[in-house]
Protein chains: 2
Amino acid sequence: MKHFMEPKSVAIIGISRRSGPGSYNLMENMLEYGYECEIYPINPNAEDILGVKAYPGVKDVGQEIDLAIISLPRDLVVESVKECIDAGVKAIIVVTQGFADADARGKELQQEMVNAARHNGVRILGPNTLGVVNNFNRFTTSFMPLTREKAPVGLICQSGVFFVGAAVFSGQIGKGIDIGNACDVGFCEALEYMGDDPDTKIIAIHMEGLEQTRRFLSLAARIAKQKPIIVFKTGQSEAGAKAAASHSGSMAGHYQIYKSALKQAGLLFLDKDGQMGDAVRTLLQQPAIKGNRIAVITPTGAGGIMASDALENYGLELASLSEKTISRIANLSPEWMPLGNPLDIWPAIMKHGLKDVCAEAMDVVMDDPNVDGILYLAIAPELPAFAFLDASDDVNKAVPKERRKPLVGWVYGPNVKEINEKFEKEKKVTIFQTIEKAAWSLSLLRDRQRFIERA
Amino acid sequence: MKHFMEPKSVAIIGISRRSGPGSYNLMENMLEYGYECEIYPINPNAEDILGVKAYPGVKDVGQEIDLAIISLPRDLVVESVKECIDAGVKAIIVVTQGFADADARGKELQQEMVNAARHNGVRILGPNTLGVVNNFNRFTTSFMPLTREKAPVGLICQSGVFFVGAAVFSGQIGKGIDIGNACDVGFCEALEYMGDDPDTKIIAIHMEGLEQTRRFLSLAARIAKQKPIIVFKTGQSEAGAKAAASHSGSMAGHYQIYKSALKQAGLLFLDKDGQMGDAVRTLLQQPAIKGNRIAVITPTGAGGIMASDALENYGLELASLSEKTISRIANLSPEWMPLGNPLDIWPAIMKHGLKDVCAEAMDVVMDDPNVDGILYLAIAPELPAFAFLDASDDVNKAVPKERRKPLVGWVYGPNVKEINEKFEKEKKVTIFQTIEKAAWSLSLLRDRQRFIERA
């Protein structure tokens, strides 16, 4: 994968002289990104492209080429792949659509290019791909604009939507490999690369279909011991599987069988779009969970009930809080207040103020030996007018620097955005949009821990 | 409920002279809201409260009192209720906590006040409540700051979290009734009010426990024919039911039995926190759905697969698009492109530009007689740099003014917030955070339609 992720020289075949908005010019995007390497635009009708000397054909470059990127019309692709092979190119990305994702002719063309490459030890990524992105060295082959965080998140996907839509899927990407139709380079190669990559701490996978299942599962089981791997498998339904066949040419396979095999290999399995970003944030921000016993700290009794429902739904238990915890909060509460878990701190807040009570509750629950993880519900008031209802600073302070327990939260009120940001900045409490998602995130940590313990 | 929602005169009992941040002074909040009525603060130790003449006791007011609001310590509440009854007060809100939500003594006290009121035809809302909010006449009894939209959404809840957290629950509230422990005024009275209220078009309910089940179900079945009623039932799990008993003193009951009875009565049943706001937006913005056949318009094949999975998961069908629809999009696509539903328009976009293709696809699918509803996936690019990737204006224009089909969407990219707002402003496409939620919203409309048809 090194030739794909950090090539010393790149030929761009089928590159147009058009640039700017709507041109989808991948060379323009590559230059904008700022990666430093030799770039050889290939275009028989141009002297230069974007100020870089152009060549009529890849054979005319006369220099070593690590990576060729082909975005010609599909009928010209196979010929171009063969020319690349003849010119000694080491790796090829085929951006073009219309292969196994299309009709019978497309399937034939795809097979032809694979045959040519395999006989010559050349690797192909794609077709039907945006290629790669590597924010650690500012390299991309994508013709769509992308975000550029140096995040410790390695993404492997079968669609550019995970590159373009990173903000709504994984939240961030440090390195990404879009295997597209996966005619040659597939999940195994990409996973191996991410597994070995020191910049990557978490691996997120979007999977439509899987070939070489046995090899993948054994590789994944090995890597999952070192790094969490999350996988979002689509084509779950009959209708989805049919759509997958005409998207990446993938056989979606039997969903439940995939699900149990992937979970067995230690992968964290996602059911729905929207979960990947929550999983990434949880795994990046929170420590391992030692057990199944959760404390709920809440200024709303109704929220405590929702938390109880959600925790039970994900197989988590409400911790039996220690006597010390109960008595410290009881000291702050009216005598009539029945205390337990969920720990409803509202009556105490009415007596002693929100900030002190929240901080005290966080401190005592963090120390409670009966508690493995904490779900914290918080008010998000308008600031500065209602700052007395905002305990975010106090809670952040009350959480020890070396956090020993996962701490996830949910905020409600008219100012969710700003209070979220205050928590997000400290990364001590990971905040979710719903109580249900916060509970789910704890179950994700629990699943990861169970795998680690039996591995 | 009129005395609660639009009283001509209000006595506030147990009102403190403290005001400003952290005082939780409900009279201060009431004055701030701006409702015009007589206000009589009751405090034996004050000449006036916030500039309004105070009285030592409710009997000293000497004027007709529609509504008394009691926020005394719990041991003083029963006596105060009796004084209100003697003084001819018509309705009472008991804000105080510590009754059926607390210990055995609390249960006794609650029963005592109910007995006193029932013998005298006086109604009590609460205890353990923020009371009411009525944004149409700017009246509230809440001691917590609230948002103030004149929204056609009537909320009935058992916790102030739905008032304070409106932004994360129902999204907006026009009128709200927090029945708290529901010692006297309960779901039936509140529902009857919202059902008759011309300002209220949608009724949203948060339910922990339900008394008078038969009366409620028959009332709900009648009102649901006129207005959608959505209900979020908590205390679903054993742990949640236990927590409910010590929050509002409610018996949560058997969840599955409630669920089927409430659905049978035509209520739209919610399983998770976070769904209420999505349901409200859908019902406010989208027309009825005539059938079960959904078209997916997508610039991403992978997103189309996720949409197919989600639609099937909620029992919706992928429509068989008409020949006219297919041929109009085929004319824009490369010849190799297999077209169907999901309608993948990316190859057409690469040939003809995003704006024209999105608008054309929307137009043709809106007209397709085989389609009952539309799920549209859209790119959210940075503006103005990548405006050529933003079809929101074009799609809004392509949707006929008199929309005949529900149209829901999901956007992905680096600029979700701004593009969402562009759709939200026109209210033609209702946008959701995930594809899964967008599909769910169509199933909600389908459930509503099925009830209307069999009702």
Side-chain angles (χ1 to χ4, degrees), chain A residues 21-22 24 74 97-98 101-103 105-106 145 147 158-159 161 164-165 167-168 206 208 234-240 243-244 246-247 272-274 300-306 308-309 311-313 318 334 336-338 340 342 347 350 353 379 382 386 388 412-414 416 433-436, chain B residues 21-22 24 74 97-98 102-103 105-106 145 147 158-159 161 164-165 167-168 206 208 234-240 243-244 246-247 272-274 300-306 308-309 311-313 318 334 336-338 342 347 350 353 379 381-382 386-388 412-414 416 433-436:
Chain A
Y24 303 107
R74 76 165 185 176
Q97 296 188 293
D101 49 302
D103 51 7
R105 172 84 183 126
T147 51
Q158 292 201 262
S159 165
V161 75
V164 178
V168 292
H206 159 245
E208 292 184 355
T234 65
Q236 304 165 359
S237 62
E238 212 176 303
S246 70
H247 173 242
K272 295 188 182 79
D273 72 305
T300 155
I305 298 166
M306 294 173 211
S308 304
D309 287 344
L311 290 169
E312 185 167 313
N313 185 35
L318 285 172
W336 51 258
M337 181 64 194
M350 292 294 281
I379 301 175
E382 293 292 358
F386 296 94
F388 68 97
Y412 65 97
V416 162
Q433 275 170 337
T434 62
I435 295 172
E436 195 259 341
Chain B
Y24 303 107
R74 77 164 183 176
Q97 296 188 292
D103 51 6
R105 172 85 184 125
T147 52
Q158 292 199 262
S159 165
V161 74
V164 179
V168 293
H206 158 244
E208 292 183 355
T234 65
Q236 304 165 0
S237 61
E238 210 177 302
S246 69
H247 173 242
K272 294 188 182 80
D273 71 305
T300 154
I305 298 166
M306 294 172 212
S308 304
D309 287 342
L311 290 169
E312 187 167 311
N313 185 37
L318 285 171
W336 51 257
M337 181 65 195
M350 293 294 282
I379 300 175
E382 292 293 357
F386 297 93
F388 67 97
Y412 65 97
V416 161
Q433 276 170 338
T434 63
I435 295 171
E436 195 259 340

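By convention in this document, chain letters (A, B, ...) are assigned in the order of the sequence lines, proteins followed by strands, and residues within each chain are numbered from 1. All figures in this text were calculated on a predicted structure; none of them were measured in a lab.
Only the side chain of Leu318(A) comes within less than 4.5 Å of a heavy atom in chain B; its backbone stays farther off. Proximity to chain B involves both the backbone and the side chain of Asp101(A), based on heavy atoms less than 4.5 angstrom apart. Heavy atoms of Thr234(B) lying under 4.5 Å from chain A belong to its backbone as well as its side chain. Only the side chain of Val416(B) comes within less than 4.5 Å of a heavy atom of chain A; its backbone N, CA, C and O stay farther away. The contact between Glu312(A) and chain B is made entirely by side chain atoms (from C-beta outward), counting heavy-atom distances below 4.5 Å. Heavy atoms closer than 4.5 Å to chain B are found in both the backbone and the side chain of Tyr412(A). For Pro334(A), no part sits under 4.5 Å from any heavy atom of chain B, backbone or side chain. Contact annotation for Arg74(A): only side-chain heavy atoms (C-beta onward) come within less than 4.5 Å of a heavy atom of chain B.
When Gly304(A), Ala102(A), Gly340(A) are compared by the number of non-hydrogen pairs under 4.5 Å with chain B, Ala102(A) comes out ahead. Contact count against chain B (heavy-atom pairs under 4.5 Å) is highest for Glu238(A) among Glu238(A), Gln158(A), Met337(A). Contact tally against chain A (heavy-atom pairs below 4.5 Å) for Gly353(B), Gly274(B), Pro338(B): the top residue is Pro338(B). Note on Ser246(A), Ala302(A), Gly165(A), Pro342(A): by heavy-atom pairs under 4.5 Å with chain B, the leading option is Ala302(A). The residue among Ser237(A), Ala239(A), Ser308(A) with the most heavy atom pairs within less than 4.5 Å of chain B is Ser237(A). Between chain A and the options Ala387(B), Gly301(B), Ala167(B), Ala244(B), heavy-atom pairs under 4.5 Å are most frequent for Gly301(B). Contact count versus chain B (heavy atoms, under 4.5 Å) is highest, among Tyr24(A), Trp336(A), Phe388(A), for Trp336(A). The candidate from Leu311(B), Ile379(B), Val161(B), Thr147(B) with the greatest count of non-hydrogen atom pairs under 4.5 Å with chain A is Val161(B).
Looking at heavy atoms from C-beta onward, Gln97(A) lies in side-chain contact with Pro347(B) at the 4.5 angstrom threshold.
Annotation: the span from Ile305(B) atom CD1 to Ile435(B) atom CD1 amounts to 10.0 Å, rounded to 0.5 Å. Rounding to the nearest 0.5 Å gives a distance of 14.5 Å between CE of Met306(A) and CG of Asn313(A).
When all heavy atoms of Val164(B) and Pro414(A) are compared, the closest pair comes out as O-CD, 3.9 Å. In plain terms, the two heavy atoms of Gly98(B) and Asp103(B) that are nearest each other are O-OD1, 4.4 Å. Contact between Ser159(B) and Thr300(A) at its shortest, heavy atoms only, is OG-OG1, 3.9 Å. Smallest separation of non-hydrogen atoms from Gly240(B) and Asp309(A): CA-OD1, 3.3 Å.
Residues that satisfy the side-chain hydrogen bond (donor to acceptor under 3.5 Å, both in side chains) test with Glu208(A), not counting sequence neighbours, are His247(A), Ser248(A).
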